[in-house]
Amino acid sequence: MFHGMHYVMEVYKEQSFSKAAQNLYISQPALSAAIKKIEARVGAPLFDRSTSPVQLTECGKEYIRTTEKILDLEDEFAYHVGNLHELKAGHLALGGTYFFASFIFPPFIEEFWQKYPHVNLNFYEGSTPELEQKLFSGELDIIIDNYALEPQIYHRKKCFDENLLLAVPATFDSNHRAASYQLSFADVEKNLHRNPRFPGVPLKKFKDDPFVVLRAHNDTRERIDAICRRAGIQPNYILKLNQVMTTYRLTQFGMGISIVSDTLVRHLHADPSVIYYKIDAPEAQRDVYLYHKKNAYLTRAMQEFIRIAVPEA
């Protein structure tokens, strides 16, 4: 019914079919035919052609009022699209595990907000299964995780790699048996454990010590179990927890050995109550990825956050 409404608007503004036709660069008969088709779809005449200049009928006046509303909505939509493109508006939903939410996301979010303060930013902290479910359902646009998600479903970009380390309370006697393998906080900061010539500690030296670990069904726990199987030991898991920071804090208080990433250690302060050891196993090395769903529309806000979090080399 409103297809061709710009023809009607032009005749209304000029109050003349001939002037409107000139402005539209079409012939007057063609314009008249177009208007008649619109009037046929409406079911009533829009113009009183018996007057000079041509006038709107009552139906025509209502058609023009509605057309003006449509044009206003089009302008509003175009303005909104322009704002989205320039990131003066928009929405971005991010997610991460508690550790990544605390230590990895903040500088990315701060830089994004500095550049695009008008984008509505939401953040969800949760476990890896929760994050994947929300990413799959579309509740989240982007997550960062060290768990390998299904490549047929998700795009991924590598953020960084990390190594798992043995963190042992300094009070444990087993440290004396492993003195030549010890790493200080400063050694970890300098990435000494990443030097291929630096030896990994034999885990059997700690086989009788208590361990504090994460619960099942997360990447770190799966790797810990694989590392221990490879070393031929069955550790005494005295506590199973939900957050890696909690396991590390219990190590600081002498409760048990934990296995943590060098990413975590580098984000903390030096603590002489903990001694670190390199783990010489393929499961001790892993990559951390930024994920987004393959069949989801990649918004401008998502593109800009990805550029910040994973700058191209």
Side-chain angles (χ1 to χ4, degrees), residues 80-81 83-85 87 89-164 213-226 240-247 260-264 267 283 285-313:
H80 181 69
V81 170
N83 280 345
L84 286 176
H85 182 70
L87 290 183
H91 174 84
L92 182 63
L94 307 171
T97 60
Y98 301 103
F99 171 71
F100 289 126
S102 298
F103 295 104
I104 303 303
F105 271 101
F108 301 153
I109 291 174
E110 193 270 342
E111 183 177 346
F112 184 87
W113 250 336
Q114 287 289 330
K115 291 182 178 178
Y116 310 110
H118 301 294
V119 174
N120 180 25
L121 194 61
N122 288 339
F123 193 88
Y124 180 81
E125 298 174 272
S127 65
T128 295
E130 290 173 324
L131 294 171
E132 182 180 4
Q133 186 276 325
K134 289 183 179 293
L135 185 63
F136 183 81
S137 69
E139 291 180 66
L140 294 176
D141 299 314
I142 289 171
I143 68 170
I144 292 178
D145 205 283
N146 51 33
Y147 198 82
L149 300 185
E150 183 58 54
Q152 282 76 28
I153 301 175
Y154 304 101
H155 281 296
R156 71 181 189 184
K157 282 182 174 286
K158 180 179 174 180
C159 293
F160 56 90
D161 57 59
E162 60 182 8
N163 287 42
L164 296 180
V213 295
L214 294 174
R215 298 186 190 278
H217 308 302
N218 67 77
D219 184 76
T220 300
R221 173 59 187 277
E222 290 173 6
R223 288 174 183 272
I224 290 171
D225 291 344
K240 299 173 184 177
L241 304 157
N242 292 324
Q243 297 185 39
V244 67
M245 271 301 302
T246 309
T247 67
V260 299
S261 69
D262 54 359
T263 307
L264 182 148
H267 281 85
E283 295 84 5
Q285 291 85 45
R286 67 184 174 193
D287 294 327
V288 175
Y289 293 102
L290 179 150
Y291 290 101
H292 60 91
K293 198 174 178 185
K294 277 190 171 180
N295 63 355
Y297 174 62
L298 193 64
T299 67
R300 176 76 192 284
M302 291 170 67
Q303 293 175 38
E304 291 305 311
F305 186 85
I306 291 169
R307 288 193 185 99
I308 290 170
V310 193
E312 297 295 334

Original post:
What pair of heavy atoms forms the shortest contact from W113 to V119, and how long is it?
Top reply: NE1-O, 3.8 Å

**OP:** For D225, enumerate each residue passing the salt bridge (charged side-chain N to carboxylate O under 4.0 Å, His left out) test, keeping only those at least two apart in sequence or located in another chain.
**Re:** R221

Original post:
Any side-chain heavy atom of D145 sitting closer than 4.5 Å to one from T97?
Top reply: yes

Original post:
Should we say atom OH of Y124 is surrounded by more than 12 heavy atoms from elsewhere, each under 6.0 Å from it?
Top reply: yes

**OP:** State whether the side chain of D161 and the backbone N or O of R286 hold a donor-acceptor pair below 3.5 Å, judged by distance alone.
**Re:** no

Subject >> Main-chain N/O of K158 paired with D287 side-chain donor or acceptor, under 3.5 Å >> reply: no

Subject >> Atom NZ of K294 with >12 non-hydrogen neighbours under 6.0 angstrom >> reply: yes

**OP:** Would you confirm whether Y147, through its side chain, and N218, through its main-chain N or O, come within 3.5 Å as a donor-acceptor pair?
**Re:** no

Subject >> Pairwise side-chain contact, L264 with V244, heavy-atom cut-off 4.5 Å (strictly under) >> reply: yes

Original post:
Is there side-chain contact between E132 and Y154, with at least one heavy-atom pair below 4.5 Å?
Top reply: yes

Atom pairs and distances, donor-acceptor, side-chain atoms in residues 105-112, under 3.5 Å, two or more places apart:
from	atom 1	to	atom 2	distance (Å)
E110	OE2	Q114	NE2	3.4
E111	OE2	K115	NZ	3.4

Original post:
Do other residues, nucleotides or ligands put more than 12 heavy atoms under 6.0 Å from F99 CZ?
Top reply: yes

**OP:** Please identify each residue that fulfils salt bridge (charged side-chain N to carboxylate O under 4.0 Å, His left out) with R223, with sequence neighbours left out.
**Re:** D219

**OP:** Indicate yes or no: at least one non-hydrogen side-chain atom of F305 is less than 4.5 angstrom from one of I142.
**Re:** yes

**OP:** Only counting residues at least two apart or in another chain, list the ones meeting side-chain contact (heavy atoms from CB on, under 4.5 Å) with N242.
**Re:** R215

Subject >> Y289 six-ring face occupied by R156 cation (under 6.0 Å, within 45°) >> reply: yes

**OP:** Check whether any side-chain heavy atom of M302 lies under 4.5 Å from a side-chain heavy atom of L92, and answer yes or no.
**Re:** yes

Original post:
Is there side-chain contact between H292 and L298, with at least one heavy-atom pair below 4.5 Å?
Top reply: yes

Subject >> Under the side-chain contact (heavy atoms from CB on, under 4.5 Å) test, residues paired with A296 that sit two or more places apart >> reply: K293

Original post:
Of the non-hydrogen atoms in D141 and L135, which two are nearest, and what is the gap between them?
Top reply: O-CD1, 3.5 Å

Original post:
Under the 3.5 angstrom rule, does the side chain of E222 hit a backbone N or O of A216 as a donor-acceptor pair?
Top reply: no

Subject >> Non-neighbouring partners of H118 that pass side-chain contact (heavy atoms from CB on, under 4.5 Å), sequence neighbours left out >> reply: none

Original post:
Side chains of L131 and E125: closer than 4.5 Å at any heavy-atom pair?
Top reply: no

